[in-house]
**Student:** 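Dropping a structure here in structure tokens format, bear with me for questions.
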Amino acid sequence: MDDRNCGPYNPWPVAVFLILCLLAVLFLLPTVGVLLSSIKTTRDIALGDLWAIPSSLHMGNFTEVLGNPAVHVYFLNTLLVTLPATILSIALGVLAGYVFARMPFRGSNVLFLIVVAGMFFPPQVILVPLFRMFNALGLIDTLWPIIIVHSALGIPICTLLMRNFFATIPGAMRESAIVEGASEWQVLTMVVLPLSLPALAVLATLQFTWIWNDFLWPLIFTQSDDKRTIMIGIVNLKGQYSVAWGVQGALSLVASLPTLLVFLFFQRYFIKGLTMGAVKG
Amino acid sequence: MERHNRYWRTVLLAPPLLMFSVFVIWPLFSSFYYSFTDWNGFSSDYRFVGFANFMKITTDRLFLQAAINTSIWMVAAIILPTALGLALALLLDVKIPGARIFKSVFYLPICLSAVIVGQIWTWIYQPDWGLLNTLVSAVINEKFNYAWLARPGSALWSVIVAWSWQQTGLSMVIYLAGLTAIDDDMLKASALDGATPWQRIRFIVLPLLTPSTVVVIALAVINSLKGFDILYIMTGGGPFNSSDTLAMHMYNESFKKYLMGYGSAIAVVLFLIAMAIIGLYFRQLRKVERIYG
């Protein structure tokens with residue numbers, strides 16, 4: 001029995017291929033629908049059905065979206081939140097992960113578990129007190145609370161992944177560097193971190209995507225239109241363009257572009273790193 | 001060396017722990033505190049009302065509805081993407097042309113935000129020209145016009161389908177990584193011994209995939225507990241609260257009705273439920289680990 005060409009448990013590769021094709025079409029339909037609507041005029045959509053292939057390419061929706069000053073503000077705000085929060089959460093995770101992996105102490109496992117448990121609870125649990133805290137600090141309706149909360153809530157996942165990664169780096173490396181007179185800080189930044197690029201790439205992708213796409217925190221902490229981020233902006237603009245499905249489609253695509261690009265850029269590391277430390281092999 | 005370690009531990013651990021304590025741990029305990037008050041979110045004075053908020057929960061019809069919906073949501077939002085992701089991973093483990101393209105297609109939705117996924121599926125469920133009704137109309141050969149998101153019977157399930165569409169790619173990727181770690185020779189040997197493909201999946205592949213399943217389900221539990229955005233976008237908890245979840249109910253009471261004390265009590269219950277589920281999960285996990293090592 002020669003099954004080198006088919007999988008270990010799928011006896012009919014042709015049937016499998018056909019099933020996958022069917023599933024792929026089903027999975028793509030929603031996204032293709034948005035793509036199609038974004039290159040149609042509102043008139044086209046109103047006349048025919050949304051899902052037909054357009055007769056001509058209409059870029060008006062994209063020029064309308066990209067020319068809208070409100071969209072520029074939403075984008076700028078989202079970047080101003082996403083970049084610092086991504087960097088800060090990873091930096092904090094690196095520090096904690098390094099200690100938990102390389103300098104364990106009495107009770108460090110319990111502490112590690114408490115921090116990682118933060119990953120599990122629903123954000124709604126801390127909504128009210130955080131609102132009160134930032135209100136007292138006069139920071140409601142600024143971008144600061146969003147940056148701070150994302151940095152703090154990113155600590156569990158960043159600490160977990162960094163600790164798991166640091167555990168794979170031989171401890172002898174650190175010890176010999178210290179014996180030769182390097183400080184702990186030098187070991188971390190000059191020896192360990194350069195080796196950690198794959199793990200850092202994974203976290204950058206995860207955190208960037210997560211923070212860029214977030215809806216809840218900007219919804220709670222911002223009120224005026226010029227402080228909103230892009231995901232809130234989409235919902236706000238929906239009212240403005242309530243029947244312009246093409247514009248909304250274009251807006252959705254433009255808003256997804258940064259995370260899609262980041263994913264494509266880091267894809268190589270991503271899938272490897274996502275399962276790192278979690279699945280053996 | 002020990003003094004060196006103690007110094008660096010303090011220096012390195014202080015920033016993350018301080019940040020985490022002030023903005024996560026402290027608010028968590030504050031929620032418990034506010035749940036015993038009638039704070040409205042703005043005024044600086046509030047009264048302690050004891051267990052009144054928790055008593056109110058027991059008679060709150062909307063809370064009961066939200067609790068039931070949350071259970072449905074969680075069970076479906078864990079099982080569907082996990083099962084579908086496993087099926088896709090098993091199919092994709094075959095060496096077929098275009099495997100990479102297939103993987104990207106199934107993974108694509110996870111890169112989209114909940115807001116955008118919600119918007120896409122709102123179009124699909126649109127009664128007049130939405131994709132779903134167009135397809136049904138084509139099959140049954142007459143105009144089918146059903147408002148999926150506006151009917152209490154279908155709203156929650158419609159969102160669950162959208163959610164599963166988005167989340168499947170994630171479990172698929174994790175299962176695919178798990179499958180690459182399985183030794184091909186073992187499967188070949190079992191085939192020579194006459195095991196059917198189904199028997200190989202059931203008795204060899206699935207047990208060996210246990211570590212992947214652990215990760216997939218943990219992620220599904222975490223993500224589904226947080227499932228708020230997509231419901232907010234697609235139904236807002238409606239119609240008639242038919243797709244309200246605890247997270248949504250908590251948001252409405254706190255930030256729409258400004259009953260932050262009562263909202264905090266709901267948050268506390270939500271937290272306790274979440275911790276109970278996670279606790280149970282990890283207890284089961286230890287049993288599984290004892291069996292599969």
Side-chain angles (χ1 to χ4, degrees), chain A residues 1 5-11 13 16-17 19-20 24 27-31 33-34 49-51 92 95-96 98-99 103 105 115 118-126 128-130 148-149 151-153 155 184 213 215-216 231 234-235 252 255-256 259-260 263 271 274-275 278-281, chain B residues 5 8-9 12-13 15-16 19-20 23-24 27-28 30-31 34 91 93-96 102 105-106 108 111-116 119-120 123-124 129 131 134 173-174 177-178 180-181 184 187 191 197 200-201 205 211-212 215 222 225-226 228-229 247 250 254 260 263-264 267 270-271 274 278:
Chain A
M1 179 170 171
N5 292 322
C6 57
Y9 21 77
N10 292 316
V16 167
F17 184 75
I19 293 170
L20 281 172
F27 256 78
L28 269 181
L29 266 180
T31 324
V34 180
D49 70 353
L50 176 71
W51 303 91
L92 293 168
L95 296 180
Y98 185 71
V99 174
M103 294 182 245
F105 51 95
V115 171
M119 231 159 57
F120 294 102
F121 69 77
Q124 273 78 12
V125 178
I126 52 174
V128 166
L130 283 176
I148 293 170
V149 168
S151 305
L153 282 175
I155 290 174
E184 204 68 56
N213 287 342
F215 180 75
L216 180 67
M231 290 305 151
I234 289 178
V235 180
S252 298
S256 305
T259 52
L260 287 177
F263 173 71
I271 291 172
L274 186 72
T275 48
V279 182
K280 288 164 211 143
Chain B
N5 276 359
W8 281 104
R9 246 180 235 140
L12 298 179
L13 260 188
M19 190 86 177
F20 191 69
F23 297 104
V24 180
L28 179 64
S30 302
S31 270
Y34 291 126
L91 289 174
D93 203 35
V94 184
K95 284 168 196 62
I96 44 160
F102 282 124
V105 166
F106 297 129
L108 177 74
C111 300
L112 304 174
S113 77
V115 170
I116 286 163
Q119 179 136 20
I120 292 174
W123 300 344
I124 291 176
W129 41 254
L131 176 68
T134 310
V173 170
I174 298 169
T180 56
D184 269 0
L187 294 165
R200 268 175 275 169
I201 291 176
V205 179
S212 310
V215 178
I222 299 168
L225 272 170
K226 291 175 180 169
F228 168 84
D229 310 8
M250 184 271 158
S254 305
M260 298 227 178
S264 296
L270 184 62
F271 174 76
I278 305 288

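All values below come from the heavy atoms of this structure, side chains included, with hydrogens, waters and symmetry mates left out. Within every chain, numbering begins at 1; the chains are lettered A, B, ... in the order of the sequence lines, protein sequences first and strands thereafter.
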**Student:** Does any heavy atom of chain A fall under 4.5 Å from the side chain of B:Phe20, the backbone, both, or neither of them?
**Tutor:**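 It is both, since atoms from each part get that close.
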**Student:** List the atom of A:Met119, the atom of B:Ile222, and the distance in Å for their closest heavy-atom pair.
**Tutor:**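 Scanning both residues, the minimum pair turns out to be O-CG2, 3.4 Å.
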**Student:** Using the test side chain to side chain donor-acceptor pair (under 3.5 Å), find all partners of B:Gln119 that sit at least two apart in sequence or belong to another chain.
**Tutor:**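 So B:Gln119 forms a side chain to side chain donor-acceptor pair (under 3.5 Å) with A:Gln248.
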**Student:** For B:Tyr34 and A:Val128, work out which heavy atoms get closest and say how close.
**Tutor:**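 For B:Tyr34 versus A:Val128, the nearest heavy atoms are CD1-CG1, 4.3 Å.
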**Student:** Where do B:Ser113 and A:Met231 come nearest, in terms of heavy atoms and distance?
**Tutor:**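 Heavy atoms of B:Ser113 and A:Met231 come nearest at OG-SD, 3.1 Å.
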**Student:** Considering residues at least two apart in sequence or located in another chain, which fulfil the side-chain contact (heavy atoms from CB on, under 4.5 Å) criterion with B:Ala114?
**Tutor:**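 Testing B:Ala114 for side-chain contact (heavy atoms from CB on, under 4.5 Å), a comparison that skips the adjacent residues, returns B:Asp229, B:Ile230.
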**Student:** Between A:Ser252 and B:Ile116, is there a donor-acceptor pair closer than 3.5 Å when you use the side chain of the first and the backbone of the second?
**Tutor:**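 Answer holds: no.
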**Student:** Side chain, backbone, both or neither: which part of B:Ser31 has a non-hydrogen atom closer than 4.5 Å to chain A?
**Tutor:**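 For B:Ser31, the contact with chain A is made by backbone and side chain together.
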**Student:** Got B:Phe102 and A:Phe27 here, is their nearest side-chain heavy-atom distance under 4.5 Å?
**Tutor:**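 SC-SC contact between B:Phe102 and A:Phe27 ruled out.
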**Student:** Name the option with the most non-hydrogen atom pairs under 4.5 Å to chain B; the candidates are A:Ile155, A:Thr259, A:Val235.
**Tutor:**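 Result: the option with the highest number of such pairs is A:Ile155.
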**Student:** Against chain A, label B:Ala267 side chain, backbone, both or neither, depending on which of its atoms sit under 4.5 Å from a heavy atom there.
**Tutor:**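 Both parts, backbone and side chain.
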**Student:** Distance check, rounded to the nearest 0.5 Å: A:Phe105 atom CZ versus B:Asn5 atom CG?
**Tutor:**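 Spacing of CZ (A:Phe105) from CG (B:Asn5) equals 11.0 Å.
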**Student:** To check you understand the geometry: which heavy-atom pair defines the closest contact between B:Leu13 and A:Ala96, and what is its length?
**Tutor:**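 It is CD2-CA, 3.9 Å.
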**Student:** Measure across B:Val24 and A:Ile126 and return the closest heavy-atom pair with its distance rounded to 0.1 Å.
**Tutor:**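 In terms of heavy atoms, the two residues are closest at O-CG2, 3.6 Å.
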**Student:** What part of B:Leu28 is in contact with chain A, defined as an atom under 4.5 angstrom from a non-hydrogen atom: side chain, backbone, both or neither?
**Tutor:**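 Contact with chain A: backbone and side chain both.
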**Student:** Relative to chain B, which of A:Leu28, A:Leu95, A:Ile148, A:Leu20 shows the most heavy atom pairs under 4.5 Å?
**Tutor:**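 Between A:Leu28, A:Leu95, A:Ile148, A:Leu20, the count favours A:Leu20.
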**Student:** Working to the nearest 0.5 Å, report the span between CG of A:Leu29 and CG of B:Leu131.
**Tutor:**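 Rounded to the nearest 0.5 Å, the CG-CG separation comes out at 5.5 Å.
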**Student:** Nearest 0.5 Å please: distance from the CZ atom of B:Phe228 over to the CD atom of A:Gln124.
**Tutor:**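 B:Phe228 atom CZ to A:Gln124 atom CD measures 6.0 Å (nearest 0.5 Å).
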**Student:** If you compare all heavy atoms of A:Pro129 against all heavy atoms of B:Pro27, which two are closest, and at what distance to 0.1 Å?
**Tutor:**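 Scanning both residues, the minimum pair turns out to be CG-O, 3.2 Å.
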**Student:** Is chain B contacted by the side chain of A:Val99, its backbone, both, or neither, given a heavy-atom distance below 4.5 Å?
**Tutor:**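 Only the side chain of A:Val99 comes within 4.5 Å of chain B.
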**Student:** Exactly one of B:Ile124, B:Ile120, B:Leu112 should register a side-chain contact (heavy atoms from CB on, under 4.5 Å) with A:Val34. Which one does?
**Tutor:**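 Answer after filtering B:Ile124, B:Ile120, B:Leu112: B:Ile120.
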**Student:** Measure B:Met19 against the heavy atoms of chain A and call it side chain, backbone, both or neither at under 4.5 Å.
**Tutor:**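 For B:Met19, backbone and side chain are both near chain A.
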